[in-house]
Protein chains: 2
Amino acid sequence: MNISEKIILPEAAPEDRSGAIREAIRNAIIDRRLAPGTKLSEAEVGALFDVSRTVARAALQMLAFEGLVKTERNRGAFVSHPSPDEARQVFASRRLIEPGVVAEALDRMTPAEIEGFRRQLDEEARHMSERGPAARRAEIKASGDFHLMLASVSGNAILQKFMEELVARSSLVIALYGRSGISSCGHSEHSAILDALENKDGERAAALMIHHIDHIEADLDLQLKQGSGLKDALSLP
Amino acid sequence: MNISEKIILPEAAPEDRSGAIREAIRNAIIDRRLAPGTKLSEAEVGALFDVSRTVARAALQMLAFEGLVKTERNRGAFVSHPSPDEARQVFASRRLIEPGVVAEALDRMTPAEIEGFRRQLDEEARHMSERGPAARRAEIKASGDFHLMLASVSGNAILQKFMEELVARSSLVIALYGRSGISSCGHSEHSAILDALENKDGERAAALMIHHIDHIEADLDLQLKQGSGLKDALSLP
DNA sequence: CCATGTCAGATTGCATACGATTTAGACGTG
DNA sequence: CACGTCTAAATCGTATGCAATCTGACATGG
């Protein structure tokens with residue numbers, strides 16, 4: 001899989017170029033324009049964004065740190081290819097963290113933010129009704145964004161960072177092990193969670209969230225099929 | 001505050017030198033040989049570990065990513081100086097995550113691992129009984145290690161990584177806002193948690209853990225004293 | 001005496017150069 | 001035809017040089 005043309009970053013970033021590149025690649029990964037296993041060579045990334053290898057490398061290091069990319073010494077960086085076990089860990093972590101996030105969000109959510117959530121859900125619905133791969137990608141992203149918005153209003157920057165990592169890794173996992181085309185079934189669940197939040201029913205919101213995560217994970221096929229057998233069998237021990 | 005002599009890294013690291021440097025600095029931060037606010041210049045770090053600025057820079061970037069170091073563009077890297085608000089976020093995150101960690105640890109803990117915990121607690125106690133700053137540092141580190149061991153046996157690498165970040169940041173917070181010399185009071189609580197784990201009483205272990213975290217946080221003085229006012233006031237909005 | 005403007009030194013951001021390591025393909029041999 | 005070896009290209013890891021930026025000191029003017 002190859003990255004297409006030269007990408008022009010959102011202009012307003014004269015500084016922190018590696019951070020901008022990180023986000024661009026990150027987005028490409030979470031909406032699956034970059035498949036797991038894809039090689040990301042420093043030279044290629046550098047050329048693509050028109051920077052030197054130094055800054056491309058920095059971006060890849062950041063991505064490696066948040067688990068979206070795996071680097072092998074003297075071999076390069078590859079889009080992560082999480083094992084079924086890693087996949088389970090991702091969702092175990094989310095089950096642990098997200099109920100707490102909704103609980104903290106409950107107290108701090110302003111009416112304006114509720115309105116923002118509503119708009120977000122509308123957008124989700126809109127993407128769902130559209131056809132085509134672009135709409136699909138947008139839908140995936142929007143679905144993750146719901147969880148990130150929640151983390152954002154929780155007011156805890158650390159948890160927010162953790163959630164960013166977990167949501168991104170979830171995308172990878174779903175790309176690899178997702179059974180139904182998309183775990184889009186989640187939209188109505190998002191709605192229900194928001195309703196519970198609006199009614200200040202924290203118990204229910206947390207329960208719905210856990211249910212939602214269970215639901216996503218249940219849609220995966222985590223039997224260690226994907227391994228063509230050998231390659232992955234030998235990387236475990 | 002200056003870093004003293006040249007440091008020789010644990011020999012067995014011919015590869016991943018930046019990772020080794022990261023850990024060395026990390027350790028220096030968590031047992032408070034490096035005070036919050038200390039400047040870490042690329043050249044100085046590089047000279048200290050006898051590497052080029054390139055690899056020193058990589059180490060600093062990693063530390064920045066896990067929140068132990070803050071970099072300001074064109075100004076350099078500094079040991080983080082968490083605000084009271086960040087401090088609260090650290091403990092809020094721990095309160096959220098650690099009960100889950102003990103729950104997962106409960107199921108997977110082997111007798112051998114229990115033995116390991118006992119030894120760890122003995123070491124904690126030993127450091128507590130000794131005098132001198134070196135013993136104090138060892139005690140702080142050992143205290144954090146208890147929590148990290150717990151995360152380790154939980155079998156979830158992602159949570160383990162999160163906990164490493166949180167424990168390290170906690171050290172910074174305690175260094176800044178700790179009231180009593182040390183939050184060493186925690187030792188008996190560690191013991192109690194381990195007892196509960198051994199008795200397979202997950203409820204109690206989780207409750208004790210929360211209590212323990214509350215206890216640590218209660219020992220802090222998080223009134224926003226340190227702000228000389230202006231500098232911090234302007235960095236918020 | 002304090003405030004403001006200017007300059008030198010220091011430090012970072014980035015690009016590039018070079019050696020080391022890995023990989024792929026050619027080639028010869030059993 | 002299969003297999004092992006060797007060479008060459010590609011790619012990474014690291015060091016270093018240069019330009020841009022910041023800090024602090026000093027000079028100047030109010």
Side-chain angles (χ1 to χ4, degrees), chain A residues 1-3 6-9 11-25 34 37-65 68-80 230-231 234-235, chain B residues 1-3 6-9 11-25 34 37-65 68-81 228 230-231 234-235:
Chain A
M1 173 169 300
N2 239 325
I3 315 179
K6 188 172 290 191
I7 297 172
I8 301 131
L9 293 172
E11 268 316 320
E15 50 188 31
D16 197 11
R17 298 195 278 172
S18 59
I21 293 174
R22 162 179 164 257
E23 255 190 71
I25 297 183
L34 283 171
T38 307
K39 166 147 196 187
L40 301 171
S41 110
E42 296 179 357
E44 189 179 4
V45 172
L48 211 57
F49 292 94
D50 196 41
V51 295
S52 80
R53 274 181 51 216
T54 306
V55 39
R57 184 185 182 82
L60 292 174
Q61 281 176 328
M62 293 195 256
L63 290 165
F65 227 86
L68 293 187
V69 153
K70 264 198 166 36
T71 65
E72 295 173 38
R73 179 166 181 101
N74 279 319
R75 282 194 20 86
F78 303 82
V79 178
S80 275
L230 196 53
K231 184 169 56 185
L234 295 179
S235 64
Chain B
M1 171 171 298
N2 238 324
I3 315 179
K6 188 173 288 191
I7 296 172
I8 300 131
L9 292 172
E11 268 315 322
E15 49 187 34
D16 198 11
R17 299 195 278 173
S18 58
I21 293 174
R22 161 178 164 255
E23 256 190 69
I25 298 183
L34 283 171
T38 307
K39 164 146 200 192
L40 301 172
S41 106
E42 296 178 359
E44 190 178 3
V45 172
L48 211 57
F49 292 94
D50 197 40
V51 295
S52 76
R53 276 179 47 216
T54 306
V55 38
R57 185 185 181 82
L60 292 174
Q61 282 176 327
M62 293 195 253
L63 290 165
F65 225 85
L68 293 187
V69 153
K70 265 199 165 40
T71 64
E72 295 173 37
R73 175 160 183 107
N74 280 319
R75 282 195 18 87
F78 303 82
V79 178
S80 276
H81 194 302
S228 315
L230 193 55
K231 184 169 56 186
L234 294 180
S235 63

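Below, chain A is the first sequence line, B the second, and so on; all start at residue 1. Basis for what follows: all heavy atoms, side chains included, without hydrogens, waters or symmetry-related copies.
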For the student: nearest non-hydrogen atoms of A:Ala56 and A:Glu42, plus distance: CB-O, 3.7 Å
Send over the distance from B:Phe49 CZ to D:dA15 C1', rounded to a whole Å. 18 Å
Answer yes or no: side-chain N or O of B:Arg75 and base N or O of C:dG13 forming a donor-acceptor pair under 3.5 Å. no
Nearest whole angstrom, please: distance from the C1' of C:dT21 to the CG of A:Asn74. 5 Å
Check whether any side-chain nitrogen or oxygen of B:Arg57 sits under 4.0 Å from OP1 or OP2 of C:dT12, and answer yes or no. no
Nearest of D:dA15, C:dG13, D:dG13 to any side-chain atom of B:Glu42? C:dG13
Reckon A:Thr54 has a side-chain N or O less than 4.0 Å from the OP1 or OP2 of C:dC14? no
Length of the CG-P vector between A:Leu40 and D:dC12, whole Å: 10 Å
So OG1 of A:Thr54 and CZ of A:Arg17: to nearest 0.5 Å the spacing works out to 10.0 Å
CG of A:Leu60 versus P of D:dT11: gap in Å, rounded? 14 Å
Compare every heavy atom of A:Val45 with every heavy atom of A:Leu40, then report the nearest pair and how far apart it is. CB-CG2, 4.3 Å
Specify the separation, in whole Å, of atom CZ of A:Arg17 and atom C1' of D:dA19. 12 Å
B:Gly37 and B:Phe78: which non-hydrogen atoms are nearest, and at how many Å? O-CD2, 3.6 Å
Minimum-distance nucleotide (side-chain atoms of A:Arg53 versus C:dG13, C:dT11, C:dT16): C:dT16
Tell me which nucleotide among C:dG13, C:dT12, D:dA15 gets nearest to the side chain of B:Val55. D:dA15
Of the candidates C:dC14, C:dA15, D:dA15, the side chain of B:Val51 sits closest to D:dA15
What integer distance in Å separates B:Asp16:CG from C:dT21:P? 16 Å
Could you tell me the separation between the CD1 atom of A:Ile21 and the P atom of C:dC14, rounded to a whole number of Å? 9 Å
To the nearest 0.5 Å, what is the distance between CZ on A:Arg22 and CD on A:Gln61? 13.0 Å
Look at the side-chain N and O atoms of B:Arg73 and state whether any lies under 4.0 Å from the OP1 or OP2 oxygen of C:dG13. no
